[in-house]
A.B. asks: 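Handing you a structure now.
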Amino acid sequence: MARRMILNLGQWCSRIFGVECDKRTGPVYFALHKDKQTDQRGNELRQLFGDGKVYSFHVRCKDRIQRSKFDELLQNKLSSIPSDDCTIMEMSSFLPSVQQSFIKGFLLKLNSDNTITEKVVDELLRVDAVSVCSYVQDRDEVWWQQHLSPSEEGTVMSTRYCVIATGAPELHPSILNIINNDVFYSFEEAYNVLTECSDIIPESKAVLDLADQRIDLSETGKFPVIVIEGLDATGKTTLTESLKEAMNAALLRSPPHCLAPLRPRFDCEPPLIRRAFYALGNYITAGQIARESSKAPVIVDRYWHSTAAYAIATAVSGGVGNLPASRSEVYRWPKDLLPPSLVLLLTIDPEERQRRLRGRGLEQTREEAELEANHLFRQKVEEAYRRIEDPACVTVDASPSPDKVLQQVLLLIKNKCHL
Ligand SMILES: Nc1nc2c(ncn2[C@H]2C[C@H](O)[C@@H](COP(=O)(O)OP(=O)(O)OP(=O)(O)O)O2)c(=O)[nH]1
Ligand SMILES: Nc1ncnc2c1ncn2[C@@H]1O[C@H](COP(=O)(O)OP(=O)(O)O)[C@@H](O)[C@H]1O
């Protein structure tokens, strides 16, 4: 995929940086040059680096488990700065000619100098795995990126590169790493992640043991398997319980009940580890689906669509426009995961969903909180749901009463599954 990322940068190929400075206009991209460049397309750079001190941070660490932990540390440190004192923008960077070279970082613009911010910058400077840079103009108003490193006397400015604005690559950099880092397309890939983190997360061994004991059947039985998907509070639990009664069906969910005690532990982990946990949950549920569908219809409350949609929406910065295009390989069902007969995506308008969330009164999970705080994230989840294929979701308007939704869905299942 990196082949389509190559930009015309001349003979020297630096990292390309994309900063989400304005959700409406999309990222501003820049590259680095060893020599001074007079034609910088300065207006765009002034938008990024003008008006006050600017730092960028990203994690450089070969081990992906360590990298994901440092990413989390970096995000938590920066979010400790009062939002009035700074503007934090997501920054992605990649090497156009190197696969899997994408790294996620942040650009920090200080609205005012204060001790909290300087303290956070100084602390991050002392984390070996975190690369800190500042951006300054010389007397010719040419912008430079300077790499900073700590010293007893303060900070030392070492290597510096001339910053040049550049055009947008064809694909948003954040989609470069999705495959088997954010979304897992095989049991083995997800299993390997939890194996790699079992020394720092002892609970991983319990998950791996349950994954080893999963029912490993590759075919569903003769009865239909219907997955119910949708954002929180769209009515999945209500509908799946009614369908269980109405169809005398087995009701399963992903992650499966056997993983429920471990879920809060992994919900606190960075995306790489959290998604591997949910992915293994899908494979354990798949074995239960295969077994139960030989005896009766099976209803499943969330499955791979949830895992993939939330992972893609989290991994891709900015708005819906940055999502991988429809038909992209990231939306393809894993070849080794049992596919259901039908996937129904419950949709309701945001106001009704808010009302139902309040009515439910349950504690919000981290992702639910994110869904409410960030309508861009919610839009990306909904759009990612719709782009997943083989099987694709069939959208259901879940705003009528519970009974009307049930009747509508029973008719849909009858028609689609030829019951
Ligand atoms: N089940 C499931 N949830 C996921 C996954 N990835 C992210 N999530 C998010 C979706 C929700 O915001 C949150 C909780 O989802 P669940 O439906 O499993 O739990 P809960 O019963 O609290 O949510 P609900 O309101 O019934 O949809 O976790 C995944 O792979 N599977
Ligand atoms: N069709 C519906 N009409 C009105 N309220 C509903 C409907 N379906 C569910 N609810 C209510 O909305 C809240 C969330 O429903 P729930 O089934 O828990 O959704 P989910 O499992 O998708 O989070 C609950 O309080 C439930 O009683």
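By convention here, the first residue in the shown sequence is residue 1. Counting starts at 1 for both ligands and their atoms, in listed order.
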A.B. asks: What I want to know is whether Glu352 and ligand 2 share at least one N or O pair that is separated by under 3.5 angstrom.
C.D. replies: no
A.B. asks: Under a 4.0 angstrom heavy-atom cut-off, which atoms of ligand 1 come close to Thr307?
C.D. replies: 29 (C), 30 (O)
A.B. asks: Judged on heavy-atom distance to atom 15 (O) of ligand 2, which of Thr238, Ile228, Thr240 sits nearest?
C.D. replies: Thr238
A.B. asks: Do Ser293 side-chain atoms and Gly221 backbone N/O form a donor-acceptor pair below 3.5 Å?
C.D. replies: yes
A.B. asks: When you check the side-chain N and O atoms of Asp267 and Tyr278, is any donor under 3.5 Å from an acceptor?
C.D. replies: yes
A.B. asks: Have a look at Arg263, Arg356, Lys236 and point out the one with the heavy atom closest to atom 15 (O) of ligand 1.
C.D. replies: Arg263
A.B. asks: Short list, please: which atoms of ligand 2 are under 4.0 Å from a heavy atom of Ser401?
C.D. replies: 1 (N)
A.B. asks: Check each heavy atom of Ala279 against ligand 1 and say whether those closer than 4.0 Å belong to the side chain, the backbone, both or neither.
C.D. replies: neither
A.B. asks: Counting the benzene-type ring for Trp, do Phe57 and Phe106 have ring centres under 6.0 Å apart?
C.D. replies: no
A.B. asks: Using a 4.0 Å cut-off to any heavy atom of Gly235, which atoms of ligand 2 qualify?
C.D. replies: 8 (N), 9 (C), 15 (O), 16 (P), 17 (O), 19 (O), 20 (P), 22 (O)
A.B. asks: What atoms in ligand 1 come closer than 4.0 Å to a heavy atom of Ser254?
C.D. replies: 1 (N), 2 (C), 31 (N)
A.B. asks: Under 3.5 Å, N or O to N or O, is Pro402 touching ligand 2 that way?
C.D. replies: yes
A.B. asks: Who pairs with Lys205 by salt bridge (Lys or Arg N to Asp or Glu O under 4.0 Å), at least two apart in sequence or on another chain?
C.D. replies: none
A.B. asks: Who are the side chain to side chain donor-acceptor pair (under 3.5 Å) partners of Tyr185, not counting sequence neighbours?
C.D. replies: none
A.B. asks: Please could you name the atoms of ligand 1 that Ala233 approaches to less than 4.0 Å, counting only its heavy atoms?
C.D. replies: 25 (O)
A.B. asks: Is Arg275 close enough to touch ligand 1? Criterion: a residue heavy atom under 4.0 Å from a ligand atom.
C.D. replies: yes
A.B. asks: Indicate yes or no: does Glu351 engage Arg355 in a salt bridge with an N to O separation below 4.0 Å.
C.D. replies: no
A.B. asks: Pull out every atom of ligand 2 sitting under 4.0 Å from any heavy atom of Ala233, numbered as shown with elements.
C.D. replies: 14 (C), 19 (O), 20 (P), 22 (O), 23 (O)
A.B. asks: For Tyr135 and Ser56, which I'm curious about, is there any donor-acceptor pair between the side chains at under 3.5 Å?
C.D. replies: yes
A.B. asks: Name the orientation class of the two ring planes belonging to His305 and Trp333 (parallel below 30°, tilted from 30 to 60°, perpendicular beyond 60°).
C.D. replies: tilted
A.B. asks: Keeping Arg327 on the side-chain end and Arg387 on the backbone end, is there a donor-acceptor pair under 3.5 Å?
C.D. replies: no
A.B. asks: I'd like to know if the side chain of Asp403 pairs up with that of Ser401 as donor and acceptor (distance under 3.5 Å, no hydrogens or angles considered).
C.D. replies: no
A.B. asks: Report yes if some N/O of Tyr303 lies less than 3.5 Å from some N/O of ligand 1; otherwise report no.
C.D. replies: no
A.B. asks: Just heavy atoms, cut-off under 4.0 Å: does Asp232 contact ligand 2 by side chain, backbone, both, or neither?
C.D. replies: backbone
A.B. asks: Could you tell me, atom by atom, which parts of ligand 1 come under 4.0 Å of a heavy atom of Arg253?
C.D. replies: 18 (O), 19 (O), 21 (O)
A.B. asks: Out of Arg356, Arg302, Glu241, Arg353, who gets a non-hydrogen atom closest to atom 6 (C) of ligand 2?
C.D. replies: Arg356
A.B. asks: Just let me know how Thr237 lines up against ligand 1, side chain, backbone, both or neither, with a heavy-atom cut-off below 4.0 Å.
C.D. replies: side chain
A.B. asks: Quick one: which of Leu406, Thr237, Leu357, Leu231 has a heavy atom closest to atom 21 (O) of ligand 2?
C.D. replies: Thr237
A.B. asks: Which atoms of ligand 2 sit under 4.0 Å from any heavy atom of Ala398?
C.D. replies: 1 (N)
A.B. asks: Which heavy atom in Tyr29 sits nearest to a heavy atom in Pro173, and how many Å separate them?
C.D. replies: OH-CD, 3.4 Å
A.B. asks: Could you walk me through whether Asn282 and Ser254 pass the side chain to side chain donor-acceptor pair (under 3.5 Å) test, one step at a time?
C.D. replies: CA-CA 6 Å; Asn282 289 331; Ser254 179; 2.5 Å; yes
A.B. asks: For Thr234, is at least one N or O under 3.5 Å away from an N or O on ligand 2?
C.D. replies: yes
